[in-house]
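One structure below.
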Amino acid sequence: MEDALKWTGGLLVAAALSASAQEAKPPVVENYKASVVKQGALVPPRVAPPCVPGRCPFAGQTVTVLMVKERNGGALGELKEEFEAATGAKLDLVQLEHQDLFPNFMSDLTNGVGKYDAAYAGAWWLGELVSGGYLLSYDKFYGDPRFPQWKVDDVLPGPRRLLSYAGNKYMVANDHDGQVMYYRRDLLEAPAHRAAFRAKYGYPLGVPATWAQFRDVAEYFDGKDLGGDGVPGHGLTMHLKVGAQGMFHFMSFSAPFVIGPDNPDLYWFDPRTMKPLIESPGHVRALQSLVELVKFGPRDMLNWDLGRSWDYFLAGHAALTFTWGDLGALAQDEGSRVKGKVGCAPMPGTSEYYSLASRRWIRTSRPNVVGNTTGGSWAGVISRYSKSPEATYFLFAMMATREKSRVYAVRGWDGIDPGRVFHFLPPDGTGDLQTYLRAGWDEADVRPYLHAYFENFSNPLQFPYLRIPGAFGYWQALDVHLAEAVAGQSTPEAALRAAAVDFEEITIRLKRDRQLRSYRASLGLGQ
């Protein structure tokens, strides 16, 4: 609590904003993994046979990949032996902290050194990397029989958009981030809670379809013993610490307050002028609603990182949360107290949204629900200065194969979330329930989890992902001001007004014309 207030007060806020205006650098994330569950032993099958000595396609080459620190190299580390045996090349994984990845890769690219053949990149990097001409498109490698095969059309429409930029493919399908709502199915189905909820709110207790309903459910369960251990729980859990990715959650939360059929794209900037739109009436109402929700969670979550929030849900102490796909898989692991009790649904919607296209509130006949690809959707990109571009693509294509991806999607620890047709069960996709059951999933948990993600990624309305130079600088500025609002140090209106000022300063520093061209390209608009 004290650290959160220090971060959101006085000179440190100014310092954080100054830093965000200098470079699009990810924040320090102290803990983005859950700690109450144990990592399983499930590993993906081999897909690439060893090459014949003397005929190895990339003998003598070395592929150097820049990635975030992971135990044993994470999913990429698992590939090392298989990749080297199949290609004759060596794989060197350079592991850095999150906040050091982008600056190190950019330094290598801008100096044209070619120290790194590739990076395990976040999707927001593309605006900066493509506009600078720093990446190699893998279009000419895709489908070539010399490489492991995977299908871009297997990726659902939402995350598929992130693989390409300005008509060329750059990111090799891997992680498919998006946020959905998680709820305690056992609590929402309990007859006693149903009766008490109806008596208090005048309508049936059920899966929240709107954020107004989400608020009521959170209020109702707040303070009750939700874990059966005599400890009062809370209606929801969030992580709100500055620099811990909280701004991602505001994006998904606020989407249906701004995005709708009449306004499918306008959220960040006016595509004619690059004027910030972040202080619109829709954004303000969203932040007001988020601030209201804070009182139904632990006060300590003002200083929680992502892992702490996940732990709280996994320990059975929260009725609701909204976050990435990792949580659904982590709930199945040893140590989870909510396995067999977890429901999942797309992010709730709103009954009206503020259309930035027509400058008015528009009421909807059904909940206005907006899909999202919020997050990093971490995947491999190839440097234009790579000395071994074909071997590098071989590595990422091997990781993208159906056989590998099926395993990644059912594990919680690797951070790789589902998003391809073979991850989802019929009738949504071609996946096999046994894949999940063999991995230890509870059938009652897996079905709503997968369907929620299918609905999220298939929704024609998708939150517009920001992929322009300095994207993380804008997000860091937003993050700081969001923290001021949720801590009660600023009104939502003032917080977003301050964010808009910082957005404008960043745009001016990075050159408005350049930013405008990139922003329009990211939305698929002409110059």
Side-chain angles (χ1 to χ4, degrees), residues 13-27 99-113 116 119 121-137 161-162 164-168 170-171 243 247-248 251 258 265-280 283 356-357 376 381 383-385 463-482 495-527:
V13 169
L17 289 174
S18 176
S20 73
Q22 292 302 314
E23 51 186 316
K25 183 176 179 180
Q99 69 271 16
D100 297 324
L101 286 180
F102 185 82
N104 273 271
F105 194 46
M106 277 299 294
S107 175
D108 185 62
L109 293 170
T110 54
N111 291 314
V113 175
Y116 308 115
W124 69 84
W125 297 18
L126 283 198
E128 194 119 11
L129 299 182
V130 176
S131 66
Y134 298 129
L135 293 186
L136 180 68
S137 168
R161 296 187 183 101
L162 301 183
S164 300
Y165 196 97
N168 296 310
Y170 294 98
M171 300 192 82
M247 73 289 175
F248 279 133
M251 296 174 201
V258 180
D265 294 319
L266 299 182
Y267 179 95
W268 295 106
F269 301 96
D270 185 325
R272 299 166 300 177
T273 64
M274 278 300 288
K275 176 185 176 182
L277 303 175
I278 198 69
E279 58 177 325
S280 85
H283 292 85
L356 282 157
V381 295
S383 166
R384 67 171 293 185
Y385 301 109
F463 177 73
Y465 197 101
L466 188 63
R467 297 189 297 172
I468 62 175
F472 227 100
Y474 293 110
W475 290 349
Q476 283 180 300
L478 177 61
D479 187 34
V480 169
H481 293 301
L482 291 174
L496 292 176
R497 190 179 311 120
V501 170
D502 293 330
F503 277 26
E504 181 69 4
E505 290 178 354
I506 294 170
T507 296
I508 291 171
R509 179 177 61 81
L510 296 180
K511 308 301 181 185
R512 188 177 304 275
D513 288 348
R514 177 199 184 205
Q515 295 299 92
L516 184 58
R517 286 194 300 271
S518 181
Y519 184 58
R520 291 181 63 84
S522 74
L523 294 176
L525 302 174
Q527 296 301 315

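Note that these values count all heavy atoms, side chains included, but never hydrogens, waters or copies made by symmetry.
- Trp268 is not listed as a side-chain neighbour of Ile468, based on a closest heavy-atom distance of 4.5 Å or more.
- The two residues Leu523 and Pro464 come nearest to each other via the heavy atoms CD2-CB, 4.3 Å.
- In this structure, CG in Leu126 is found 8.0 Å from CG in Leu162, a value given to the nearest 0.5 Å.
- Rounded to the nearest 0.5 Å, atoms CE (Met171) and CZ (Arg161) are 16.0 Å apart.
- When all heavy atoms of Glu504 and Pro276 are compared, the closest pair comes out as OE1-CD, 3.4 Å.
- Side chain of Asn168 to main chain of Ser137: no donor-acceptor pair is present (N/O by atom type, distance under 3.5 Å, no hydrogens or angles).
- Proximity of a side-chain donor or acceptor of Arg497 to a complementary backbone N or O of Glu279 within less than 3.5 Å is not detected.
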For Leu136 and Tyr385, what are the C-alpha separation, side-chain angles and deciding distance, and is it a side-chain contact (heavy atoms from CB on, under 4.5 Å)? CA-CA 8 Å; Leu136 180 68; Tyr385 301 109; over 6 Å; no
Take His283 and Leu356, measure what side-chain contact (heavy atoms from CB on, under 4.5 Å) needs, and give me the verdict at the end. CA-CA 10 Å; His283 292 85; Leu356 282 157; 4.1 Å; yes
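- Residues Glu128 and Tyr134 share a closest heavy-atom pair of O-CD1, 4.2 Å.
- Here the straight-line distance linking atom OH of Tyr474 with atom CD of Glu505 works out to 11.0 Å at 0.5 Å rounding.
- Between Phe472 and Trp124, the angle of the ring planes lies from 30° to 60°, which puts this pair in the tilted group.
- Interatomic distance, CE of Met274 versus CG of Leu516, reported as 6.5 Å (0.5 Å rounding).
- No donor-acceptor distance shorter than 3.5 angstrom exists from the side chain of Ser107 to the backbone of Asn104, with no hydrogens or angles considered.
- Side chain of Gln515 to backbone of Pro469: a donor-acceptor contact under 3.5 angstrom is found.
- In terms of heavy-atom proximity, Tyr465 sits nearest to Gly376 at OH-CA, 4.0 Å.
- A distance of 10.0 Å separates CG of Asn111 from CE of Met106, quoted to the nearest 0.5 Å.
- Note: Phe463 and Tyr267 have perpendicular aromatic rings, judged against thresholds of 30 and 60 degrees for the angle between ring planes.
- Closest heavy-atom contact between Leu109 and Ser383: CD2-OG, 3.3 Å.
- In this structure the side chain of Ser522 never reaches within 4.5 angstrom of the side chain of Leu466, judged on heavy atoms.
- When all heavy atoms of Ala477 and Asp502 are compared, the pair lying nearest together is CB-CB, 3.8 Å.
- Distance check: Ser131 OG to Tyr165 OH gives 6.5 Å after rounding to the nearest 0.5 Å.
- Under the 30°/60° scheme for interplanar angles, the aromatic rings of Trp125 and Phe102 are found to stand perpendicular.
- Between Phe269 and Phe503, the ring planes lie tilted relative to each other; the angle falls in the 30° to 60° range.
- In this structure a side-chain-to-backbone donor-acceptor pair under 3.5 Å is present from Arg512 to Thr273.
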